[in-house]
Every structure is written in C-alpha cells, then in structure tokens.
Amino acid sequence: MPSALDLILAPSILAGDHAALSGSAKIVEESGLKWIHLDIMDGHFVPNLSFGPQTIAALRKTSNLFFDTHLMLDNPHLYVEVFAQAGADLISIHVEPNYDIQATLSKIRSYDCQTGIVLNPNTPAQAVEKYLTQVDLVLIMTVQPGFGGQKFQHQMLSKMKTIHTWRKQQNLNFRLEVDGGIDLETASLCKANGVDTFVAGTSFFKAENKKAFVEKITQP
Ligand code: DX5
Ligand code: ZN
C-alpha cells in the first residue's frame with residue numbers, strides 16, 4: 001500500500017564532503033532534487049558530532065534547497081530558534097529525550113518551520129501516535145542514529161506500515177520519512193509499506209549515475 005504523496009529523496013549531507021559542504025549541496029541541486037537532509041549531532045544523544053547552526057546559515061546563503069533538519073540532540077527545545085534563524089525549513093525532533101515535545105513542536109511552527117517527529121529503531125510506533133495531528137513529517141530511523149553507512153534494519157518495515165495505516169485511518173497527510181541504510185533495494189521495500197520520503201547519504205553520494213539513482217528512488 002504505497003503512499004498517495006509524491007516521492008521525495010533528501011540526500012544526507014553527512015555523507016558529503018565536509019571540506020566543501022556547499023559543493024555537496026550543489027551536487028544535490030544539480031541532481032534535480034529539492035530537499036537536502038541535515039544531520040545535527042550533539043555527541044550526547046548520539047555518539048558523534050556533526051555541524052551546527054553557523055554551518056547551516058552559511059549553506060543557506062548558497063542554496064535554495066529545502067533544509068530538512070534532523071536534530072539528534074538531548075535538548076532540541078533549546079536549539080529550535082537558532083536553527084530556524086539559520087534557515088531550516090523543517091525541523092525534526094526525537095521523541096526519546098525528556099523535554100516538552102508538544103511545546104517544542106509549537107515553537108518550531110511559530111518560526112514558520114515545518115515540524116517532524118523522529119523515532120529510533122527501539123522506540124515503538126505508539127510513542128509518536130499522539131503527535132500525528134501536529135506534524136508535517138514522521139521520521140522512522142532505520143539505523144541507530146549517529147553515523148552514516150550502517151545496515152538497514154528490516155524489522156522497521158512493520159513500523160512503517162503501522163504509521164502509514166494510522167495516517168490513512170485518520171485521514172492525515174504528514175510525510176513518512178526513513179533514514180539510514182537507504183539504497184535502491186531498501187527504498188523499494190519501504191515504498192511498499194507507505195514511505196514517501198527517503199534520506200540517503202552513502203548510497204546517493206557514492207552513486208556513479210546520480211540522475212538514474214534519483215529516477216529509480218523517486219518512481220512510484
Ligand atoms: C544517521 C543519520 C542519517 C545518515 C544517513 O544518524 O541520521 O541521515 O546520515 O545514513 P546513510 O549513509 O546510511 O544513508
Ligand atoms: Zn538523519
């Protein structure tokens with residue numbers, strides 16, 4: 001049961017060239033894509049560090065892409081303003097840390113950013129059920145967050161199906177996104193379970209023929 005929404009590929013710049021991130025963003029743009037996925041890591045919620053609002057602000061000046069900003073932070077509520085001001089178009093926050101999620105989603109929206117809620121592989125779908133009417137996007141992690149290049153966790157397919165079913169039953173139209181180990185093969189498995197938005201870092205930046213890769217991932 002595929003999604004009714006148009007399919008979007010959002011390459012993760014974490015797999016890009018960290019010595020020239022604007023060049024990596026250009027590659028995404030030249031591949032005819034509209035979204036780019038920006039992985040923000042604090043070294044606490046995930047055991048890795050990536051880049052901060054200053055980098056996003058600098059990229060904003062050079063790119064018209066839609067900044068799909070994934071906050072892997074222990075205290076995302078403390079950083080909504082700075083990332084919104086840096087130029088994030090969508091800010092997604094994890095459901096696992098202990099903070100006021102409801103208030104943070106409202107805060108994201110108050111800055112005219114779209115909202116996303118994210119769940120890790122070990123977090124059951126029920127953890128995000130009560131937020132579905134307030135978000136523009138649900139992100140299902142298909143790897144443990146922190147690093148690119150990990151192996152797709154197939155047991156996440158049933159979670160995609162569950163959340164896609166809730167979306168249809170409640171007549172909602174948030175995007176359903178997956179992130180981690182997404183390539184042509186795993187993307188088609190996710191598509192069959194209602195996913196419409198794909199984060200791909202390693203597979204996109206390693207693809208010889210990016211146009212063909214994009215075609216295949218975004219065809220229904
Ligand atoms: C992992 C990040 C992912 C990652 C993508 O914490 O959230 O976006 O960069 O991973 P791959 O390289 O598997 O597509
Ligand atoms: Zn991500």
Side-chain angles (χ1 to χ4, degrees), residues 7-18 21 24-25 27-28 31 33 35-53 55-56 59 65-74 76 79 83 86 88-97 108 113-123 128 135-157 159-160 175-191 195-208 210 213-214 216-218:
L7 303 184
I8 288 179
L9 170 63
S12 164
I13 203 167
L14 192 73
D17 176 355
H18 287 245
L21 289 175
S24 299
I27 291 170
V28 173
S31 302
L33 295 169
W35 283 38
I36 191 163
H37 185 81
L38 305 166
D39 285 312
I40 312 300
M41 301 180 180
D42 64 359
H44 292 276
F45 181 66
V46 292
N48 195 4
L49 290 155
S50 58
F51 34 75
T55 306
I56 307 305
L59 285 170
L65 289 169
F66 182 88
F67 282 8
D68 170 27
T69 311
H70 177 191
L71 300 188
M72 287 164 271
L73 311 176
D74 258 348
Y79 295 90
F83 278 104
D89 293 295
L90 184 153
I91 296 178
S92 53
I93 53 178
H94 273 261
V95 72
E96 293 85 7
I108 294 170
C113 282
Q114 291 186 33
T115 57
I117 193 90
V118 196
L119 56 170
N120 280 342
N122 296 339
T123 304
V128 298
V135 294
D136 301 293
L137 176 139
V138 174
L139 169 50
I140 297 173
M141 291 307 296
T142 42
V143 296
Q144 191 58 19
F147 298 90
Q150 299 178 72
K151 204 172 156 347
F152 177 85
Q153 294 186 21
H154 287 75
Q155 60 275 43
M156 293 300 110
L157 292 169
K159 196 188 283 185
M160 297 168 206
R175 282 200 160 272
L176 187 53
E177 184 176 53
V178 287
D179 182 2
I182 301 298
D183 57 24
L184 294 180
E185 189 226 322
T186 55
S188 58
L189 297 174
C190 298
K191 245 179 249 179
V195 172
D196 42 65
T197 311
F198 305 88
V199 177
T202 306
S203 59
F204 174 79
F205 282 102
K206 282 208 165 126
E208 296 281 304
K210 292 192 177 20
F213 181 87
V214 170
K216 289 200 186 93
I217 286 234
T218 55

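Counting convention: from 1, in listed order, for ligands and their atoms alike. Source: prediction; values computed, not measured.
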Q: In the shown structure, where waters are left out, how many protein N, O or S atoms lie under 2.8 Å from the Zn ion (ligand 2)?
A: 4
Q: So, the side chain of Asp42 versus the backbone of Asp74: is there a donor-acceptor pair under 3.5 Å, distance only?
A: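 Checked: pair present.
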Q: Given 3.5 Å as the limit, does a donor-acceptor pair link the side chain of Thr142 with the main chain of Gln153, or not?
A: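 Judged by distance alone, no pair lies under 3.5 Å.
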Q: Can you confirm whether the side chains of His70 and Asp68 place a donor and an acceptor under 3.5 Å from each other?
A: no
Q: Is Phe205 atom CZ crowded by more than 12 heavy atoms from other residues, nucleotides or ligands, each under 6.0 Å away?
A: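 Enclosed: over 12 neighbouring heavy atoms sit under 6.0 Å from CZ of Phe205.
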Q: Would a distance-only check, ignoring hydrogens and angles, find a side-chain to backbone donor-acceptor pair under 3.5 Å from Ser92 to Ile117?
A: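 Answer holds: no.
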Q: Check for a donor-acceptor pair, side chain of Lys210 on one end and backbone N or O of Val28 on the other, with a separation under 3.5 Å.
A: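 Between the backbone of Val28 and the side chain of Lys210 there is no qualifying donor-acceptor contact (under 3.5 Å).
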Q: Please walk me through it: do Phe152 and Asp183 pass side chain to side chain contact (heavy atoms under 4.5 Å, CB included)?
A: CA-CA 9 Å; Phe152 177 85; Asp183 57 24; over 6 Å; no
Q: Under 3.5 Å, is there a donor-acceptor pair between the side chain of Thr197 and the main chain of Ile8?
A: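 No.
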Q: Can you give me a line-by-line list of nitrogen or oxygen pairs between ligand 1 and the protein shorter than 3.5 Å?
A:
| from | atom 1 | to | atom 2 | distance (Å) |
| --- | --- | --- | --- | --- |
| ligand 1 | 6 (O) | Gly146 | N | 2.7 |
| ligand 1 | 7 (O) | Asp39 | OD1 | 3.0 |
| ligand 1 | 7 (O) | His70 | ND1 | 3.4 |
| ligand 1 | 7 (O) | Asp179 | OD2 | 3.0 |
| ligand 1 | 8 (O) | Asp39 | OD1 | 3.3 |
| ligand 1 | 8 (O) | Asp39 | OD2 | 2.7 |
| ligand 1 | 8 (O) | Asp179 | OD1 | 2.6 |
| ligand 1 | 8 (O) | Asp179 | OD2 | 3.1 |
| ligand 1 | 9 (O) | Ser12 | OG | 3.0 |
| ligand 1 | 9 (O) | Asp39 | OD2 | 3.0 |
| ligand 1 | 12 (O) | Gly149 | N | 3.1 |
| ligand 1 | 12 (O) | Thr202 | N | 2.9 |
| ligand 1 | 12 (O) | Thr202 | OG1 | 2.5 |
| ligand 1 | 13 (O) | Gly149 | N | 3.4 |
| ligand 1 | 13 (O) | Gly181 | N | 2.8 |
| ligand 1 | 14 (O) | Gly201 | N | 2.7 |

Q: Where the side chain of Ser50 meets the backbone of Met41, is there a donor-acceptor pair that is under 3.5 Å apart?
A: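 Yes; at least one donor-acceptor contact below 3.5 Å.
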